[in-house]
Amino acid sequence: MTTKIINIVDQREASSKSVTSSTSAHTPFFSDTRGRVLRDLRISVTDRCNFRCTYCMPKSVFGKDYLFLPQTDLLNFDEITRMATLFAAHGVEKIRLTGGEPLLRKNIDVLIQMLSTIKTIDDKPLDIALTTNASLLFKKAQVLKDAGLNRVTVSLDSLDETTFCAMNDVDYSVAEVLKGIEAAHKVGFKSIKINMVVQKGVNDKDVVAMARHFKGSGHIVRFIEFMDVGSSNGWCMDDVVPSAEIVHMINAEMPIVEAKSNYTGEVAERWTYADGSGEIGVISSVTQAFCSSCNRTRLSTDGKLYTCLFSQSGHDLRVLMRSGKSDKEIADAVGLIWSQRDDQYSEIRTEETARMKKVEMSYIGG
Ligand code: SAM
Ligand code: SF4
Ligand code: SF4
């Protein structure tokens with residue numbers, strides 16, 4: 001087997017990783033070192049956001065002087081589509097557009113249209129999802145649906161106006177987010193997911209109200225444990241509300257029963273209401289790590305590949321694209337990166353690892 005070296009350097013982090021490429025053709029990516037097969041690609045289409053959620057982009061760090069990526073650093077739509085096509089040709093079945101706030105990216109519907117023509121290795125259409133704070137969803141729901149977006153996840157951390165405004169830190173109102181969810185529902189998005197990041201002493205009092213509000217609506221609330229992503233949010237273990245407590249709180253008011261996962265690698269643990277009126281999910285990244293089935297990778301706004309949400313550096317695919325490498329050369333490099341992957345951050349998390357410098361979630365995508 002012939003091999004050659006492609007040096008993939010993460011200039012942003014000033015750390016480099018040498019990658020030896022193999023000559024494999026268009027076949028599914030090999031498993032990583034723990035037998036995990038790549039299926040899910042998350043693409044951050046912008047590192048900017050109009051919210052300043054205190055757990056993600058706190059104003060103290062992401063203030064007026066914060067330097068976001070210049071336009072020329074962003075992957076353009078052709079580059080994103082090229083990467084999505086290449087990943088789909090090697091086993092990826094799902095793509096999630098995220099950020100930052102993905103609906104801030106100009107003409108995002110055009111990108112979705114481009115992605116919607118891509119086929120998986122089983123010749124099925126790619127499943128295209130998007131996570132949004134919903135501030136532009138009311139305006140864009142129809143155009144997103146028409147472009148071929150399959151699924152929408154909306155972030156909403158509380159139904160209590162004061163709490164929600166304090167958490168998004170830009171005084172954005174609950175009613176506007178609900179309007180966005182309603183618009184998405186009206187244009188035909190099914191099983192809309194609502195993400196609520198739960199922080200002790202901040203919005204844990206609002207868990208039951210959130211579950212009750214969406215019970216019977218067809219939408220699925222997912223309660224997410226507060227994570228130590230990035231290096232800006234001042235995370236500490238004491239601020240985490242374990243999912244087991246959330247399940248307990250909801251079950252005490254509205255009985256729920258654990259349900260089977262829909263597919264291997266599903267991050268949310270599913271619970272259905274005993275009266276048959278829908279389901280909720282809990283994402284226990286901190287208290288019950290699910291690294292052993294993690295089949296996700298992330299492409300940053302400027303085209304770096306991160307094989308774990310808690311990575312410290314990424315592999316620069318943009319430099320490969322812009323230096324004229326062929327699809328096969330890039331696919332070989334990605335295949336090798338994946339085959340060497342041994343990520344298991346959540347399984348080994350300590351207060352010390354939480355303090356390590358890691359990339360920000362708004363840059364690599366949630
Ligand atoms: N701006 C979009 C939004 O908020 O939906 C998409 C990007 S956001 C980074 C993606 C998801 O990550 C959101 O649901 C958000 O609540 C979640 N998130 C951000 N920081 C988090 C943290 N520290 N712990 C857990 N979830 C977090
Ligand atoms: Fe923006 Fe989403 Fe992060 Fe909130 S969670 S600051 S909406 S990117
Ligand atoms: Fe996957 Fe990394 Fe999260 Fe583990 S910590 S589930 S490897 S992204």
Side-chain angles (χ1 to χ4, degrees), residues 32-34 36 38 40 42-59 61-62 66 68 96-105 129-137 152-158 164 167-170 172 177 180-181 193-199 202-203 221-236 239-241 243 265-268 283-286 288-298 301 306-312 338 341-349 353-354 358-366:
D32 70 8
T33 60
R34 299 181 68 189
R36 300 168 293 191
L38 177 53
D40 185 331
R42 295 172 181 218
I43 303 175
S44 173
V45 292
T46 176
D47 59 339
R48 292 163 197 259
C49 187
N50 52 346
F51 283 17
R52 284 294 176 271
C53 302
T54 48
Y55 54 76
C56 177
M57 297 179 77
K59 274 182 183 165
V61 176
F62 295 86
Y66 186 81
F68 290 99
R96 179 169 295 278
L97 300 177
T98 173
E101 174 44 45
L103 297 186
L104 289 183
R105 181 79 187 251
L130 176 139
T131 308
T132 175
N133 63 22
S135 55
L136 293 169
L137 193 54
V152 176
T153 298
V154 170
S155 302
L156 176 60
D157 295 321
S158 175
F164 184 54
M167 288 182 84
N168 66 52
D169 213 9
V170 292
Y172 201 80
V177 177
I181 295 171
K193 298 204 174 91
I194 319 290
N195 279 356
M196 172 174 178
V197 176
V198 184
Q199 267 182 283
V202 178
N203 63 343
V221 183
R222 301 186 322 167
F223 300 92
I224 306 178
E225 288 179 350
F226 174 42
M227 296 185 286
D228 52 324
V229 282
S231 315
S232 316
N233 67 10
W235 182 93
C236 78
D239 295 338
V240 177
V241 181
S243 290
E266 188 171 33
V267 294
I283 301 182
S284 323
S285 158
V286 180
Q288 290 171 61
F290 37 76
C291 300
S292 61
S293 60
C294 179
N295 54 15
R296 292 176 300 285
T297 195
R298 291 174 164 81
T301 316
Y306 289 85
T307 56
C308 177
L309 183 54
F310 300 92
S311 296
Q312 293 180 288
W338 189 262
R341 174 185 190 245
D342 60 359
D343 299 315
Q344 51 171 329
Y345 179 85
S346 288
E347 290 179 350
I348 56 167
R349 173 187 285 108
T353 61
K358 307 177 223 87
V359 286
E360 294 298 331
M361 197 166 185
S362 47
Y363 160 70
I364 56 168

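Whatever order the structure lists them in is the order used to number ligands and atoms, beginning at 1.
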Numbered in order shown, the ligand 3 atoms found under 4.0 Å of a heavy atom of Ser346 are 5 (S)
What atoms of ligand 3 come closer than 4.0 angstrom to any heavy atom of Phe310?
-> 5 (S)
Minimum side-chain heavy-atom gap Leu137-Val152 below 4.5 Å | yes
Shortest protein contact, atom 1 (Fe) of ligand 3 (heavy atom only) | Cys294 SG, 2.4 Å
Under 2.8 Å from atom 4 (Fe) of ligand 2, which protein N/O/S atoms are there?
-> Cys53 SG
Cys294 side chain near Arg34 side chain, heavy-atom distance below 4.5 Å | no
Quick one: which ligand 2 atoms are inside 4.0 Å of a heavy atom on Gly100?
-> 8 (S)
I would like to know whether Glu101 and Phe51 meet side chain to side chain contact (heavy atoms under 4.5 Å, CB included); could you show each step before the answer?
-> CA-CA 8 Å; Glu101 174 44 45; Phe51 283 17; over 6 Å; no
For Tyr345, the ligand 3 atoms with a heavy-atom partner under 4.0 Å come out as 5 (S)
Side-chain contact, heavy-atom cut-off 4.5 Å: Leu309 with Val229?
-> yes
Asp40 side chain to Arg296 main-chain N or O, any donor-acceptor pair under 3.5 Å?
-> no
Can any side-chain N or O of Ser155 pair as donor or acceptor with the backbone N or O of Asn133 at less than 3.5 Å?
-> no
Do Thr33 and Asp342 have side-chain atoms, one donor and one acceptor, less than 3.5 Å apart?
-> no
Side chain Asn203, main chain Asp157, donor-acceptor under 3.5 Å | yes
For atom 2 (Fe) of ligand 3, what is the nearest protein heavy atom, given as residue, atom name and distance?
-> Cys308 SG, 2.3 Å
Does the side chain of Ile283 reach to within under 4.5 Å of the side chain of Phe290, using non-hydrogen atoms?
-> yes
Pair Arg96-Thr131, side-chain donor/acceptor within less than 3.5 Å | yes
Among non-hydrogen protein atoms, atom 8 (S) of ligand 3 lies closest to Leu309 N, 3.3 Å
With the threshold set at 4.0 Å, does a side-chain nitrogen-carboxylate oxygen contact exist between Asp32 and Arg341?
-> yes
Of the options Val240, Asn233, Val286, which is the one that meets Met227 in a side-chain contact (heavy atoms from CB on, under 4.5 Å)?
-> Val286
Sub-3.5 Å pairs, protein N or O with ligand 1 N or O:
| residue | atom | partner | partner atom | Å |
| --- | --- | --- | --- | --- |
| ligand 1 | 1 (N) | Gly100 | O | 3.0 |
| ligand 1 | 1 (N) | Glu101 | OE1 | 3.2 |
| ligand 1 | 4 (O) | Ser155 | OG | 3.3 |
| ligand 1 | 5 (O) | Thr132 | N | 3.4 |
| ligand 1 | 5 (O) | Thr132 | O | 3.2 |
| ligand 1 | 5 (O) | Ser155 | OG | 2.5 |
| ligand 1 | 14 (O) | Ser155 | OG | 2.7 |
| ligand 1 | 14 (O) | Asn195 | ND2 | 3.1 |
| ligand 1 | 16 (O) | Tyr55 | OH | 3.2 |
| ligand 1 | 23 (N) | Tyr55 | O | 3.1 |
| ligand 1 | 23 (N) | Met227 | O | 3.0 |
| ligand 1 | 23 (N) | Asn233 | ND2 | 3.2 |
| ligand 1 | 24 (N) | Met227 | N | 2.9 |

Within less than 4.0 angstrom of ligand 3, does Arg296 place any heavy atom?
-> yes
Would Asn295 and Arg36 count as having a side-chain donor-acceptor pair, cut-off 3.5 Å?
-> no
Would you say the side chains of Asp228 and Tyr345 form a donor-acceptor pair under 3.5 Å?
-> yes
Look at the side chain of Glu360 and the backbone N and O of Met57, then say whether any donor-acceptor pair between them is shorter than 3.5 Å.
-> no
Just need the protein heavy atom nearest to atom 4 (Fe) of ligand 3, so name the residue and atom and give the distance.
-> Cys291 SG, 2.3 Å
Mark up the atoms of ligand 3 that fall under 4.0 Å of a heavy atom belonging to Asp343, in ascending order.
-> 7 (S)
Enumerate the atoms of ligand 3 whose separation from the nearest heavy atom of Phe290 is less than 4.0 angstrom.
-> 6 (S)
